[in-house]
Amino acid sequence: ETTSVFSRKKNGELTISDDIYMPTVRNVPVFPDKKVKIGESWTARGKEVQDVRKAFNMDKALIFPFEANYLYKEDKTIDGKKLNVIDVDYTFSYEASDEELKTGQTLHQSTGWSKQTLYWDSDKGLLDHYDEEFLIKIADLQGNLYIFTGTAHAELTEFTSLNDDTTVKQLQDTFDKLKLDN
């Protein structure tokens, strides 16, 4: 479990410290300074974070930039919400420098790609959900190759605070029925 504190600019860029390791993909999406129409494409810089410090004797996580390719495909209404459907893909590559290897780091290189479909809620200015396919290859100095491949899905779940008198009464009634002292 981890806590991440960051803010998002109007164009989608995150303001976040490099010593915070989540979210692992940063600045996706980033929007251009003009209104984008369905069928238009653009590119923007992002960052991939791989917290492999313990596994490869590293002082800090890998954070490396990539150029993301975007395509605004269409608008869809899902669960009553109008969402902008945006495809994004990027590749990344990292190779350890001689200076990094002198510190005892055992990670030699990391490469990979991601293909995502984003469902953006422009009314809220937030990502509603996304689907992703990815591949990450990490090679160490001993010649071992670690491959992470798969799919991912994430969504924003909103909740309403239950910290009110009605909820307290309901809980107290339940505790009383169960004869709980504490």
Side-chain angles (χ1 to χ4, degrees), residues 1-33 36 38-74 83-120 126-156:
E1 186 173 315
T2 186
T3 299
S4 298
V5 178
F6 57 89
S7 61
R8 184 184 299 274
K9 296 178 184 177
K10 188 175 180 178
N11 71 347
E13 287 181 47
L14 298 183
T15 303
I16 186 169
S17 171
D18 281 348
D19 63 349
I20 296 174
Y21 306 124
M22 295 292 286
T24 57
V25 177
R26 302 189 180 171
N27 300 336
V28 171
V30 168
F31 297 99
D33 293 334
V36 180
I38 292 174
E40 281 191 77
S41 59
W42 71 96
T43 61
R45 303 215 24 101
K47 289 181 182 179
E48 176 91 14
V49 179
Q50 295 177 7
D51 186 10
V52 292
R53 295 171 295 163
K54 290 182 183 176
F56 298 101
N57 194 32
M58 300 171 69
D59 293 332
K60 58 185 179 177
L62 287 177
I63 300 177
F64 39 87
F66 58 78
E67 188 82 12
N69 304 299
Y70 294 90
L71 171 63
Y72 181 8
K73 286 180 57 175
E74 62 184 327
L83 302 175
N84 311 123
V85 181
I86 303 166
D87 282 345
V88 59
D89 67 81
Y90 61 87
T91 60
F92 57 86
S93 180
Y94 162 83
E95 188 159 346
S97 68
D98 290 339
E99 293 79 30
E100 289 169 320
L101 295 175
K102 287 178 187 174
T103 67
Q105 172 179 318
T106 60
L107 188 142
H108 181 312
Q109 60 184 202
S110 180
T111 60
W113 55 263
S114 173
K115 294 179 183 179
Q116 302 175 20
T117 300
L118 311 177
Y119 296 85
W120 184 261
L126 292 171
L127 187 63
D128 183 79
H129 65 282
Y130 74 86
D131 295 301
E132 176 186 25
E133 292 181 66
F134 64 91
L135 172 73
I136 301 171
K137 294 180 181 180
I138 299 175
D140 67 15
L141 291 174
Q142 292 76 35
N144 297 309
L145 180 63
Y146 305 90
I147 299 175
F148 304 88
T149 186
T151 60
H153 173 84
E155 58 190 67
L156 176 69

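Model, not experiment: these values are computed from the prediction. The first residue in the sequence is number 1, and the count goes up from there.
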Using side-chain heavy atoms (C-beta onward) and a distance below 4.5 Å, is [X] in contact with [Y]?
X: Ser93; Y: Phe64; value: no
X: Leu135; Y: Ile147; value: yes
X: Tyr119; Y: Val85; value: yes
X: Val28; Y: Pro23; value: no
X: Asp140; Y: His108; value: no

Counting only N and O atoms by type, is there a donor-acceptor contact under 3.5 Å from the side chain of [X] to the main-chain atoms of [Y]?
X: Trp42; Y: Tyr72; answer: no
X: Ser97; Y: Glu100; answer: yes
X: Asn57; Y: Thr106; answer: no
X: Asp131; Y: His153; answer: no

Q: Any chance you could lay out the salt bridge (charged side-chain N to carboxylate O under 4.0 Å, His left out) test for Glu67 and Arg45, step after step, and finish with the verdict?
A: CA-CA 5 Å; Glu67 188 82 12; Arg45 303 215 24 101; 3.4 Å; yes
Q: Could you give me the CA-CA distance, side-chain angles and deciding distance for Tyr90 and Val25, then say whether side chain to side chain contact (heavy atoms under 4.5 Å, CB included) is met?
A: CA-CA 11 Å; Tyr90 61 87; Val25 177; 3.3 Å; yes
Q: Scan for salt bridge (Lys or Arg N to Asp or Glu O under 4.0 Å) pairs involving residues 87-97, sequence neighbours excluded, and state none if there are none.
A: Lys73-Asp87
Q: Show your reasoning for whether side chain to side chain contact (heavy atoms under 4.5 Å, CB included) applies to Leu14 and Lys47.
A: CA-CA 10 Å; Leu14 298 183; Lys47 289 181 182 179; over 6 Å; no
Could you tell me the separation between the [atom1] atom of [X] and the [atom2] atom of [Y], rounded to the nearest 0.5 Å?
X: Ile138; Y: Leu62; atom1: CD1; atom2: CG; value: 7.5 Å
X: Glu133; Y: Lys115; atom1: CD; atom2: NZ; value: 6.5 Å
X: Lys9; Y: Thr15; atom1: NZ; atom2: OG1; value: 5.0 Å
X: Leu71; Y: Leu118; atom1: CG; atom2: CG; value: 11.0 Å
X: Asp128; Y: Leu126; atom1: CG; atom2: CG; value: 9.0 Å
X: Leu107; Y: Gln50; atom1: CG; atom2: CD; value: 8.0 Å

Q | Tyr94 vs Glu48, side chain to side chain donor-acceptor pair (under 3.5 Å): CA-CA, chis, key distance, verdict | A | CA-CA 11 Å; Tyr94 162 83; Glu48 176 91 14; over 6 Å; no
Contact summary for [X] and [Y], nearest pair of heavy atoms:
X: Ala96; Y: Leu101; answer: CB-CD2, 3.7 Å
X: Val49; Y: Tyr21; answer: CG1-O, 3.8 Å
X: Ser4; Y: Ile20; answer: OG-CG2, 3.4 Å
X: Ser110; Y: Ile136; answer: OG-CG2, 4.0 Å

Q: Determine, step by step, whether Phe31 and Ile86 satisfy the side chain to side chain contact (heavy atoms under 4.5 Å, CB included) criterion, reporting the C-alpha distance in whole Å, the side-chain angles of both residues, the deciding distance to 0.1 Å, and the verdict.
A: CA-CA 11 Å; Phe31 297 99; Ile86 303 166; 3.7 Å; yes
Q: Anything under 30° is parallel, anything over 60° is perpendicular, the rest tilted; go ahead and classify Tyr146 against Phe56.
A: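 Perpendicular: the ring planes of Tyr146 and Phe56 meet at over 60°.
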Q.
Under a 3.5 Å threshold, yes or no: a donor from one side chain and an acceptor from the other, between Ser114 and Gln116?
A. yes
Q) Around Asn144, counting heavy atoms of other residues, nucleotides and ligands shown, do more than 12 lie under 6.0 Å from its CG? A)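 Atom CG in Asn144 is packed in, count exceeds 12.
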Q | Contacts of Arg53 that satisfy salt bridge (Lys or Arg N to Asp or Glu O under 4.0 Å) - sequence neighbours left out | A | Asp51
Q. Which is it for Ser41 and Asn69 under the side chain to side chain contact (heavy atoms under 4.5 Å, CB included) test, yes or no, and what are the steps along the way?
A. CA-CA 7 Å; Ser41 59; Asn69 304 299; over 6 Å; no
